[in-house]
Amino acid sequence: MKNVGEAPQEELATGERSTRNRVARSILDHGPSTVADLAKRLGLTQAAVRRHLDALAHENVVEPREQRVYGARTRGRPAKVFALTDCGRDAFDQSYDKLAADALRWITEHHGEGAVVEFARARFAAQAETYRKAMAAAPAEQRTEALAKALTADGYAATARSAPVGEQLCQHHCPVAHVAEQYPQLCEAETEIFSALLGTHVQRLATIAHGDGVCTTFIPRSGSGGDSTTRTTTSASASTAGRNPA
């Protein structure tokens with residue numbers, strides 16, 4: 001006999017899976033997260049979060065990593081964070097990766113690598129029109145935040161945050177990450193567009209395509225770099241897209 005108030009096994013399994021999906025989605029939207037971060041966001045106990053993370057790790061959806069620290073390191077061990085694996089990202093909206101990769105391979109074989117660069121620039125230039133309109137309506141000091149919101153609407157789960165002598169634009173999801181692994185021209189073209197939209201040089205610090213948990217772009221505070229160097233520095237920054245910083 002079933003105890004009063006006890007849910008059927010199927011309902012318990014469904015509830016567990018739903019919460020587990022929420023945990024994975026939170027990591028997708030916010031990037032690599034600590035147990036404490038997830039518990040606070042989702043209104044769960046840390047013990048419950050650890051249980052779901054253990055299950056997700058067993059399914060190869062998430063993996064533990066040492067938290068990446070930008071700038072001076074504080075004393076003590078870096079906090080452990082949990083990030084989505086490639087398998088975990090595949091569970092979301094990357095179902096057309098193979099088709100896109102095949103198309104770019106065909107372009108390379110028949111028209112050369114230069115055609116891939118042209119395609120990447122044209123693709124992001126088209127997207128940039130929407131971003132430019134969103135940024136035009138925002139005060140100057142909120143333009144990076146406006147860009148982040150526009151990117152989020154396009155599926156990049158982006159946020160903006162303050163950093164020493166500037167800001168960081170963080171994209172916690174990349175719909176074309178697997179394709180960008182093979183064709184870093186996509187990352188380079190995106191970096192160029194960010195520079196043009198923000199009117200300053202930018203520096204790509206990390207990319208999901210290269211195995212980092214978040215695509216991170218550094219934007220120097222106005223006056224710290226100088227617009228006169230925009231063209232030169234953007235080119236240098238774009239060349240590092242898709243690679244970990246040294």
Side-chain angles (χ1 to χ4, degrees), residues 24-33 41 70 83-84 89 92-97 100 104 117-163 165-181 183-210 212-225 227 230-231 233-235 237-238 240-242:
R25 183 76 209 192
S26 184
I27 295 173
L28 173 70
D29 289 342
H30 298 275
S33 305
R41 270 188 233 129
Y70 297 103
L84 289 181
R89 291 185 184 281
F92 290 94
D93 56 354
Q94 294 173 316
S95 57
Y96 296 102
D97 282 351
L104 289 175
V117 174
E118 288 182 28
F119 165 78
R121 286 175 173 165
R123 176 179 181 273
F124 283 109
Q127 287 180 279
E129 289 309 308
T130 301
Y131 305 157
R132 188 173 283 108
K133 290 176 183 176
M135 294 169 67
E141 67 277 8
Q142 295 177 17
R143 292 173 70 219
T144 304
E145 179 67 31
L147 175 57
K149 289 179 179 177
L151 286 165
T152 295
D154 265 353
Y156 290 89
T159 57
R161 65 188 182 194
S162 296
V165 299
E167 295 176 286
Q168 284 184 353
L169 177 67
C170 301
Q171 294 157 267
H172 304 287
H173 180 51
C174 176
V176 296
H178 287 346
V179 182
E181 286 178 20
Y183 297 95
Q185 296 96 324
L186 296 174
C187 297
E188 293 164 7
E190 183 181 65
T191 304
E192 291 176 1
I193 287 296
F194 288 167
S195 178
L197 287 170
L198 293 163
T200 185
H201 69 278
V202 301
Q203 182 181 6
R204 186 55 67 82
L205 302 177
T207 64
I208 293 170
H210 195 269
D212 298 299
V214 180
C215 292
T216 307
T217 304
F218 173 70
I219 302 147
R221 186 173 295 121
S222 179
S224 63
D227 289 345
T230 296
R231 184 175 298 276
T233 314
T234 299
S235 177
S237 300
T240 66

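Judged purely by distance below 3.5 Å, without hydrogens or angles, the side chains of Ser162 and Glu167 never pair a donor atom with an acceptor atom.
The backbone N or O of Thr200 sits less than 3.5 Å from a side-chain atom of Ser195, completing a donor-acceptor pair. Side-chain atoms of Thr144 do not come within 3.5 Å of backbone N or O of Gln142 as any donor-acceptor pair.
Looking at every heavy atom in both residues, Ala138 comes nearest to Ala146 through CB-CB, 3.8 Å. Scanning all heavy atoms of the two residues, the minimum distance from Ile208 to Gly213 falls at CG1-O, 3.8 Å.
Between Ile27 and His172 there is no side-chain heavy-atom pair separated by less than 4.5 Å. In this structure, Val214 and Pro32 have side chains that are in contact, with non-hydrogen atoms separated by less than 4.5 Å. The side-chain heavy atoms of His173 and Asp29, taken from C-beta on, include no pair separated by under 4.5 Å. Side chains of Leu169 and Leu151 form a contact here, defined as non-hydrogen atoms less than 4.5 Å apart. Leu147 places a side-chain heavy atom less than 4.5 Å from the side chain of Phe194. The side-chain heavy atoms of Leu84 and Leu28, taken from C-beta on, include a pair separated by under 4.5 Å. Put simply, the side chain of Leu205 reaches to within 4.5 Å of the side chain of Gln168, judged on heavy atoms.
Arg121 has no carboxylate O lying under 4.0 Å from a charged side-chain N of Glu118, or vice versa, which leaves the two without a salt bridge. Salt-bridge annotation for Glu190 and Arg204: present, with a side-chain N of the basic residue lying under 4.0 Å from a carboxylate O of the acidic one.
Annotation: side chain to side chain contact (heavy atoms under 4.5 Å, CB included) contacts of Gln127 (sequence neighbours excluded): Arg123, Phe124, Tyr131, Asp154, Tyr156.
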